[in-house]
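Report on the following structure.
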Amino acid sequence: MAQIFDTNPNNNGFRVSLCGGAQELEQMSRDGSQYSLSTAILPSLGARSNRRVQLRNFIISPYDRRYRAWETYLVVLVLYTAWVSPFEFGFLKKPRQPLSIIDNVVNGFFAIDIVLTFFLAYLDRSTYLLVDDRKKIAWRYASTWLVFDVISTIPSELVRKIFSGTFQSYGLFNMLRLWRLRRVSSLFARLEKDRNFNYFWVRCAKLIAVTLFAVHCAGCFYYYLAAHYPNKGKTWIGYGNEDFEQESLWIRYVTSMYWSITTLTTVGYGDLHAQNRREMIFVICYMLFNLGMTSYLIGNMTNLVVHGTSKTRQFRDTIQAASSFAQRNQLPARLQDQMLAHLCLKFRTDSEGLQQQESLDSLPKAIRSSISHFLFYSLLDKAYLFRGVSNDLLFQLVSEMKAEYFPPKEDVILQNEAPTDFYVLVTGAVELMVTRNGVEHTVGEAKAGELCGEIGVLCYRPQLFTVRTKRLSQLLRLNRTTFLNIIQANVGDGTVIMNNLLQHLKDINDPLMEGVLMETENMLARGRLDLPLSLCFATLRGDDLLLQKLLKRGLDANESDNNGRTALHIAASKGNTNCVLLLLDFGADPNSRDSEGNVPMWEAILGGHEPVVKILKDNGADLLSGDVGKFSCTAAEENKLDLLKQIVKYGGDVTLPKSNGSTALHVAVCEGNIEIVKFLLKKGANIDKPDDHGWTPRDLAEQQGHHDIRDLFLSVKETDDYSQLTKTSSLMPFQRAESRHVQFLGRFKSDPVLIRPVTQDENEGSSQPRQRRRANNFHNSLFGIMSNNRDGENNIDLVSPKTPMLKESPRRVIVSCPKKGDVQGKLVLLPQTFEDLLQVGVKKFGFLPLRVLNEEGAEIDEIELIRDGDHLVFDTEDGESLR
């Protein structure tokens with residue numbers, strides 16, 4: 001969620017932080033911040049604030065936990081003020097310790113609160129933004145409650161000195177402090193809405209507090225009338241005892257409270273009653289007040305009692321009505337038990353606060369959807385029917401499902417009833433029952449996470465089973481109409497759901513389900529199901545009749561699923577020529593590309609469907625429209641050389657890279673498939689082309705220990721260098737030689753020019769880096785061959801300059817494998833390549849040699865190093881492992 005902090009100093013004092021999410025709420029909890037539209041102590045319903053306040057320096061937030069604690073402490077002081085102010089007004093004529101000292105201390109705390117209020121941000125009622133501008137705060141406070149707060153904190157002793165002549169009453173001025181009672185009123189208003197406090201006891205506490213305050217004030221005021229009446233004997237307390245002021249303060253206070261309580265409860269006036277007009281007028285007013293006070297008390301207590309018993313009374317009335325209905329209509333005992341069990345369960349869940357669906361229905365749709373997603377998304381995701389559908393569809397379905405509780409042995413679905421709803425079992429278990437010849441038979445059981453009634457809903461046929469709970473169960477109910485409306489907007493997901501259902505019916509292996517499956521497939525072919533069907537669904541099932549009907553209805557032949565895969569992709573992958581022809585006839589794009597770069601022609605090639613490939617090619621399909629690099633890599637990964645040849649056959653370039661820069665040659669090297677490597681090299685693959693990670697095929701061969709591929713790359717590299725040299729020098733060599741050690745400097749004239757080897761000094765002076773020398777490379781050089789020719793071992797003929805070519809007689813070598821029991825060896829003709837020499841080992845000894853050694857035990861890794869008459873030894877162990 002976004003966070004917005006207004007830090008502009010020219011914002012007229014308004015600052016607000018709007019935020020959301022768990023992190024902010026957690027921070028609010030640590031800060032003690034709470035949401036409120038007033039400066040009350042507690043938030044409505046105990047909800048945490050979603051405000052994180054950023055205020056100016058030295059400005060107090062009304063949501064700060066320290067200020068909340070301060071306000072709570074002031075409420076305690078207000079309760080003391082509510083008792084002492086009327087008491088001092090009625091019973092004291094001058095300050096008396098220790099009350100006077102305590103009064104001044106309390107006044108000091110409220111004086112501090114006045115100062116703090118000038119630094120307290122307030123909530124603007126029109127914008128609900130916190131105002132932290134000091135001038136605005138001061139003006140607002142000065143124009144509202146400042147005067148009352150200041151007057152209520154002035155010490156009474158100071159007032160007596162200022163008004164010594166005319167204002168002699170000590171407690172009258174103290175009555176102004178009752179202005180502080182607004183804090184208590186606000187406290188109870190918030191406590192009544194706070195979820196952490198019991199509403200019943202909060203209301204009772206409020207009623208008791210109001211009653212005690214009314215009794216206390218009335219008693220104090222009534223005593224004040226008697227104490228200040230000229231004739232003490234004509235007062236309610238002085239009648240017959242004119243010296244009542246000489247009695248202790250405690251006795252006089254108790255007597256006043258006795259009169260006040262008996263008057264409030266209208267049971268008095270047998271002993272204490274008004275004696276003069278002042279007292280009569282006050283009693284009249286007090287009795288009128290008592291009428292309203294008594295009504296208020298009785299009404300509130302009645303509501304509290306009724307609220308606690310109304311649910312029980314309503315439950316009893318409902319049970320009674322249901323029992324009467326069942327008896328009047330002579331319902332079977334089983335149905336009566338189910339009715340009463342359901343009503344009892346509903347009462348129990350309501351009384352225990354388990355009104356789950358009622359609570360969800362009272363919330364906005366966004367919050368309701370989020371809660372349902374949190375509670376039931378994982379459950380729905382595991383159900384077989386929704387396997388493979390999109391997250392969007394699951395979210396919509398979860399938001400529309402209703403959670404319901406069912407007691408044990410209650411019917412959820414009846415056999416043969418209309419398919420209006422289906423259920424997902426959250427907790428508990430249900431039985432699937434079938435009635436045959438009037439007898440119920442249990443045919444299955446469903447547990448948590450499984451579905452009930454989905455076959456009837458999707459196939460639109462009467463429900464197949466009676467679904468009855470085995471124990472207390474919670475189920476999610478989804479209406480059929482709502483479900484189909486959601487599927488209408490998610491046709492691709494509807495295809496997945498229908499496929500899941502049909503596959504589930506096949507997997508059950510039940511005769512009843514086989515009949516349902518056959519009937520459903522017939523209805524699909526006739527297009528009589530309400531479930532929206534896509535071309536992909538018909539093609540996936542290979543139903544060309546259904547496909548033709550859907551195409552004739554006007555469905556787009558190029559419609560695709562969430563991955564961009566069209567019906568033509570599916571038909572080509574399955575080799576269904578009829579579906580392919582139908583789609584092409586209705587305008588399907590033969591070169592449509594899905595999100596992974598696949599085209600229909602590649603799907604057909606990958607599946608080995610040659611007729612489909614030919615049809616697509618005749619209709620303009622082109623393999624280059626897809627990701628040819630990916631195709632080549634796929635073929636190399638699967639070690640399918642024929643598939644690579646197919647790609648080349650239909651115009652694909654197998655040297656192209658895929659999205660990550662890897663080519664088929666990279667993959668072939670990793671797989672260690674030398675045949676595919678050779679094929680790719682013939683097609684022009686570059687062994688030095690790096691991928692996105694900087695790896696070249698040459699590096700991969702070296703790093704992964706593929707010595708045969710590494711040696712092949714070396715020979716290819718040398719051939720490339722040699723070819724480049726012949727292009728630049730216009731020389732035609734007599735025979736391939738190693739470029740590390742020999743330069744071809746001659747050209748064909750009347751006589752051949754011998755080629756001198758490059759010395760070490762010349763090589764070191766070259767600009768090219770000097771490569772590692774190999775042993776025994778001289779004997780197979782052109783100079784060595786010429787030298788051997790003098791001894792009659794080889795015959796070299798030079799042809800005419802028009803066809804310059806070196807003609808060499810075949811060399812004969814002896815091959816043996818001591819580890820296979822062949823020490824003497826076999827005489828064979830030396831092949832043209834080193835790989836063919838390894839194949840000789842396969843033919844002669846039945847294994848692919850890992851090394852070729854000479855008689856001295858030196859390893860040979862190039863064919864040019866072998867002379868006529870050499871004895872070669874095939875070894876079955878890798879030299880790296882030996883070392």
Side-chain angles (χ1 to χ4, degrees), residues 349 354-361 363-406 412-413 419-432 444-460 463-465 467 469-508 529-534 537 561-563:
T349 54
L354 299 179
Q355 300 170 327
Q356 180 168 279
Q357 193 58 49
E358 290 81 353
S359 301
L360 290 176
D361 292 339
L363 297 173
K365 183 174 178 58
I367 299 178
R368 186 168 65 248
S369 300
S370 299
I371 294 174
S372 299
H373 180 272
F374 174 78
L375 293 176
F376 307 122
Y377 181 87
S378 59
L379 177 73
L380 209 63
D381 187 36
K382 297 177 182 178
Y384 84 89
L385 191 64
F386 306 111
R387 191 178 299 119
V389 302
S390 64
N391 293 332
D392 295 340
L393 179 72
L394 282 181
F395 188 86
Q396 296 176 48
L397 292 177
V398 167
S399 302
E400 296 297 333
M401 285 188 165
K402 308 292 184 183
E404 297 179 352
Y405 282 96
F406 291 87
V412 180
I413 298 175
T420 57
D421 304 279
F422 71 93
Y423 298 83
V424 181
L425 192 60
V426 180
T427 58
V430 297
E431 292 179 314
L432 305 180
E445 179 180 342
K447 299 181 180 179
E450 299 183 3
L451 286 80
C452 308
E454 79 282 5
I455 298 176
V457 169
L458 294 178
C459 301
Y460 198 63
Q463 294 290 359
L464 303 176
F465 310 105
V467 179
T469 57
K470 296 183 66 176
R471 52 181 176 269
L472 179 63
S473 304
Q474 184 187 15
L475 293 91
L476 293 177
R477 176 174 58 86
L478 182 62
N479 182 263
R480 179 179 187 274
T481 303
T482 303
F483 173 72
L484 292 180
N485 290 338
I486 295 175
I487 295 299
Q488 292 288 345
N490 300 271
V491 179
D493 290 323
T495 298
V496 175
I497 290 175
M498 203 63 199
N499 281 329
N500 291 337
L501 176 66
L502 297 178
Q503 186 62 41
H504 177 70
L505 294 177
K506 290 180 181 179
D507 296 340
I508 293 179
L529 288 182
D530 294 336
L531 193 70
L533 301 177
S534 64
F537 174 77
D561 58 13
N562 297 331
N563 297 320

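The first residue of the sequence shown is numbered 1, and numbering continues consecutively from there.
- Leu379 places a side-chain heavy atom less than 4.5 Å from the side chain of Val424.
- Atoms CZ and OG1, on Arg477 and Thr420 in that order, are 8.0 Å from each other to the nearest 0.5 Å.
- Side-chain atoms of Asp381 never come within 3.5 Å of backbone atoms of Tyr377 as a donor-acceptor pair (strictly under, hydrogens ignored).
- Ser473 is not listed as a side-chain neighbour of Tyr405, based on a closest heavy-atom distance of 4.5 Å or more.
- Side chains of Phe386 and Leu394 form a contact here, defined as non-hydrogen atoms less than 4.5 Å apart.
- With a 4.5 Å cut-off on side-chain heavy atoms, Ile455 and Phe422 do not count as touching.
- In this structure the side chain of Leu375 never reaches within 4.5 angstrom of the side chain of Ser372, judged on heavy atoms.
- Taking NE2 of His504 as the reference point, atom CG of Leu458 lies at 11.0 Å (rounded to 0.5 Å).
- In terms of heavy atoms, Ala383 sits closest to Leu451 at CB-CD1, 3.4 Å.
- Between Val467 and Glu431, the closest side-chain pair of non-hydrogen atoms is not below 4.5 Å.
- For Ser390, the side-chain hydrogen bond (donor to acceptor under 3.5 Å, both in side chains) partners are Asp493, not counting sequence neighbours.
- Ile487 pairs in a side chain to side chain contact (heavy atoms under 4.5 Å, CB included) with only one of the listed residues (Leu397, Ile497, Thr482, Val389), which is Ile497.
- Side chain of Ser370 to main chain of Ala366: a donor-acceptor pair is present (N/O by atom type, distance under 3.5 Å, no hydrogens or angles).
- By the side-chain hydrogen bond (donor to acceptor under 3.5 Å, both in side chains) test, Lys470 is found to be paired with Glu445, residues two or more places apart in sequence or in another chain being considered.
- Atom CZ of Arg471 sits about 8.5 Å away from atom OG1 of Thr427, to the nearest 0.5 Å.
- Judged by distance alone, with hydrogens and angles left aside, the side-chain atoms of Arg480 form a donor-acceptor pair with the main-chain N or O of Val457 at under 3.5 Å.
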* Asked: Step by step, would you call Tyr423 with Leu476 a side chain to side chain contact (heavy atoms under 4.5 Å, CB included)?
  -> CA-CA 5 Å; Tyr423 298 83; Leu476 293 177; over 6 Å; no
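- Side-chain contact between Val430 and Cys452: present, with at least one pair of heavy atoms (C-beta onward) separated by less than 4.5 Å.
- With rounding to the nearest 0.5 Å, the separation of OG in Ser369 from CD in Glu400 is 7.5 Å.
- To the nearest 0.5 Å, atom CD1 of residue Ile413 and atom CG of residue Leu432 are 9.0 Å apart.
- Considering all non-hydrogen atoms of both residues, Val496 and Gly388 come closest at CG1-C, 3.9 Å.
- Glu454 and Tyr384 share a side-chain donor-acceptor pair at under 3.5 Å.
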* To do: Kindly indicate, with the supporting measurements, whether the criterion side chain to side chain contact (heavy atoms under 4.5 Å, CB included) is fulfilled by Met401 and Phe376.
  => CA-CA 9 Å; Met401 285 188 165; Phe376 307 122; over 6 Å; no
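- Residues Asn479 and Lys402 form no side-chain contact, since every pair of their non-hydrogen atoms from C-beta on lies 4.5 Å or further apart.
- Minimum heavy-atom separation, Ala403 to Gln474: CB-NE2, 3.6 Å.
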* Asked: Yes or no on side chain to side chain contact (heavy atoms under 4.5 Å, CB included) for Val426 and Leu475, after CA distance, side-chain angles and deciding distance?
  -> CA-CA 5 Å; Val426 180; Leu475 293 91; 5.8 Å; no
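- To the nearest 0.5 Å, atom NE2 of residue His373 and atom OG of residue Ser399 are 8.5 Å apart.
- No side-chain donor from either of Asn499 and Gln503 sits under 3.5 Å from a side-chain acceptor of the other.
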